[in-house]
Amino acid sequence: MTTTIKLDHITKIEGHARLIVKVDNGKVKKAQLEVYEGARFFEGILKGRKYDEANVITSRICGVCSQSHTIAALKAIEDALQIKVTKQTHMLRELLLIGSIIQSHALHLFFLSLPDYYGYDSAIAMAGKYPGLVKRGLKLKRLGNDICTLIGGREIHTITAVVGGFCHVPAQKDINTLLKSLKKDKKEFIATAKLLAKLKVPKLETPRYFYAMKDSYKYSEEEGLIECIGNKCIPAKSYGQYFKEDIMQYSTAKFVTVGGERFMVGAQARINLYHNRLCKEAATILKQSRIKLPMQNPYYNNFCQALEMLHLCHRAIELLSKLKIKEEKVPEFRVKAGTGIAAVEVPRGTLFHEYELDDNGMIIRANIITPTTQNLKSIEEDVKDILPSLLQYGEERIKMELEKLIRAYDPCISCSTHFLKIKWE
Amino acid sequence: MCARMARCFAMMLLPGSVMDKGEIVKVKQKKETTKKEKRPVVGIFSMTSCSGCQIRMLDMEDWLIDLFKLCNVVHFPLVKKHEHADHYDIAIIEGAVTTEDELTEVKQIREKSSFVIALGTCATYGGIPSIKDYGYREEIEKTVYPEPVPFIHNLGVCGVYPHIQIDYFLRGCPPDKDEIKRVLLDLINGKKSPKNFDDPVCAECRAKGNDCFLQKGQLCMGPVTYSGCGALCPSMGYLCYGCRGPLDDANVHSLIHIFEQCHVSEDDIRRMFIKFAGTSKKFREAHNLCKITAVK
């Protein structure tokens, strides 16, 4: 007997996706994650635009992680034009990314994922019985947003970050205010990480590869390397040789594999690879959780996000304490032809931007690989792996469990459907 | 006793109500909710977009909880499971219409709703994704998808507006939080038509005492763009790129004339108009005035 399970609209994720599963006599025949978000053709749109428009345009790929695209675009363009930015610009950009990761993780944990675990339809419904928890979620999101607003001018679609640096820097007194509130509210991050450490997760231990940038959680000016547990490092600049994209006939998003194998990127990959860089509080919570490393179970991604938020709060405090803001001019540069690549660790994993410019600084080719496209294959495979253990339940329960699994990955569908330019043969 | 009779009577009058057990229960529930439920029914809908406008609603944080108390938010895909109402007092749509399915959906939303808000620039004009429809659409689609994929061919990108009638355009990429709050509060308090902005960004920019970008010889869209953002970008040292779209009486001819004095190419000027609101009549007119120097 063949049964088809259809999750028509997966809610509480960013964007539009559905899942179709075919089960034949207790065996999973097919699991397809269909992304039906309308195509936006960002790489095509970028063609014929000027180098300084890349960050403005790509920021609109995603409203959840707009800062990530802004910074990746700026870094790639600066790579093409060989622009060296100042130490202050590096610090402000790192802070912007930290703000972006904190608000994105807070949104995902408290509004999209936690209601699943507490048996509620939404965080708003949860607010009745758990007002403190929802308020904490809102507070953490606010802190992330505050960092983004202070550095970038507003919560999403950053204004101030431009090629070469910043067209507006925050006032020192505002930096000090933010520093104070982060110090005061660090305990909220600690409480969140402790809470997530206690969540019971379903069993799913299929081994997989984890990739993350080698400079995760630390500042470095070296050329980027992507590290994978048990494998050799990949230089970020040659990502194209390793990360292969496939067009699926059923999805407007492309699926990425390395050597034909699925892999996972994001908070869990970063924690698995670089847990020894975590701040003291985060490291203690990880140790006390007694979870075996590397964590294979994708449900732990939620816990990893909470750990990472705590660490990043610590890092933001460190950076803000060091920051002595001064007005700086954007360094002089000459517009010329060239190719630039940037790889940046963003909320959901490693984000690649690549641009080719002509003599006038016009973009003639753009390529963007987002973290969610890298996780899609893994999500599909995990659905196949976990289904046999769920078949004993009714359809509603199966659907709920599958949604929970997909949500654990924190997929960002808009990001994955703006289409990646790739030449076949 | 009387209440029950009234309820039965109401049920008979309700179109489509049948004496099937399930149906009766459904109708009863509805009746009960309307009895204590005076709050406006709100739906937030998402078309093709970056979801930034839904995030914008969430960014209101503490006020968001108030909003959920003041209104019955039935549909909000980023935050809750899909639920549908038969009627929406306020429908908020984010994103551009790019597929047949979305076209059908927005039409249905319009039929079911008393007041429809287009939230953000994609819903108003198609936003950044509408750039693709200028000049080289086929080529752009091919760049991304070398081989045809069945559902990739979408309609031209445009806002919700040409397809359905919109009661309020909440412009901006991203839209302004204070404006969202003001408009929603006005509607919740029974105001029929919240006030829209009708000044250019320049008015707000001057009030803030910013230096004029045009006077410095930079292409700034302030004179032709709807205000309401508090001239945020120019106050942060970045010129206005026109994300709130053209004023009804925008004089694009004279702005092009000013731009021409800035020693830039015609293509530079054309690209300024074809960015966030290229599908608008005024900006399309401006685009047509500049000679297209297509990029190979």
Side-chain angles (χ1 to χ4, degrees), chain A residues 8-9 11-16 36-45 47-50 53 56-57 60-64 66 107 111-112 115 121-125 127 134-135 138-139 141-142 145 153-157 159-160 162 167-168 247 249 252 362 364 414 419-424, chain B residues 46-56 58-59 61-62 64-65 68 73 76-82 95-99 101-102 127-129 131-132 135-136 139-147 149-152 154 157 173-174 177 232-233 235-238 241 268 271 275 294-295:
Chain A
D8 250 336
H9 304 274
T11 51
K12 284 182 276 168
I13 60 168
E14 193 288 323
H16 311 265
Y36 61 95
E37 177 102 21
R40 292 185 295 159
F41 306 94
F42 267 93
E43 280 94 341
I45 287 171
K47 214 167 141 177
R49 310 296 297 199
K50 214 169 190 163
E53 289 178 281
V56 176
I57 291 175
R60 270 73 187 182
I61 289 174
C62 179
V64 186
S66 62
L107 167 74
F111 289 89
L112 316 185
D121 159 38
S122 71
I124 305 298
V134 175
K135 283 224 170 94
L138 287 169
K139 186 176 236 173
K141 192 169 177 329
R142 175 79 261 161
N145 275 346
R154 62 183 165 207
E155 290 90 341
I156 60 170
H157 302 326
I159 302 164
T160 57
V162 295
C167 63
H168 175 93
I247 296 173
Q249 288 296 311
T252 49
M362 305 301 279
I364 44 179
S414 292
F419 302 114
L420 313 152
K421 178 197 149 85
I422 186 160
K423 276 260 179 288
W424 297 93
Chain B
S46 178
M47 304 298 134
T48 296
S49 64
C50 75
S51 296
C53 296
Q54 278 191 85
I55 298 287
R56 221 48 193 151
L58 286 176
D59 279 346
E61 282 129 19
D62 290 339
L64 188 75
I65 295 190
F68 272 80
V73 183
F76 194 169
L78 186 63
V79 178
K80 59 195 295 235
K81 228 159 63 189
H82 270 301
V97 173
T98 64
T99 64
D101 287 352
E102 286 175 341
I128 288 277
I131 295 175
K132 131 175 126 63
Y136 16 83
E139 196 195 328
I140 284 175
E141 293 185 357
K142 235 192 209 156
T143 318
V144 181
Y145 276 91
E147 280 164 46
V149 177
F151 48 81
I152 290 306
N154 54 11
V157 180
C173 182
K177 285 198 295 185
L232 187 62
C233 295
S235 309
M236 292 275 169
Y238 203 94
Y241 40 54
D268 286 335
R271 285 198 324 274
K275 208 173 228 172
V295 181

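Below, each value reflects all heavy atoms present in this structure, side chains not excepted, and no hydrogens, waters or symmetry copies. Letters go in sequence order (proteins before strands), and every chain restarts at 1.
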Given heavy-atom pairs under 4.5 angstrom as the criterion, report whether the side chain, backbone, both or neither of B/K275 touches chain A.
both
Is there a donor-acceptor pair closer than 3.5 Å between any side-chain N or O of A/R49 and the backbone N or O of B/R271?
yes
Sequence neighbours excluded, the answer for ring pair (Phe, Tyr, Trp, His ring centres under 6.0 Å) partners of B/Y238 is B/Y241
Taking the side chain as everything from C-beta on, heavy atoms only, tell me whether B/S49 gets closer than 4.5 Å to A/R60.
no
Mind checking the CG-CG spacing from A/L112 to B/L78? Nearest 0.5 Å is all I need.
5.5 Å
A/R142 bridged to B/D59 by N-O distance under 4.0 Å:
no
Shortest non-hydrogen contact from B/L232 to A/G153?
CD2-O, 4.1 Å
Is the shortest side-chain heavy-atom distance between B/I131 and A/I57 below 4.5 Å?
yes
Please look at B/I65 and chain A and tell me whether the side chain, the backbone, both or neither of the residue comes under 4.5 angstrom of a heavy atom of that chain.
side chain
Taken to the nearest 0.5 Å, the spacing of B/K177 NZ from A/R154 CZ works out to 12.0 Å
Residues forming a salt bridge (charged side-chain N to carboxylate O under 4.0 Å, His left out) with A/K135, sequence neighbours excluded
none
Please classify the contact of B/C173 with chain A as side chain, backbone, both or neither, using a heavy-atom distance under 4.5 Å.
both
Which answer fits A/I156, side chain, backbone, both or neither, if we ask what part of it has an atom under 4.5 Å from a heavy atom of chain B?
both
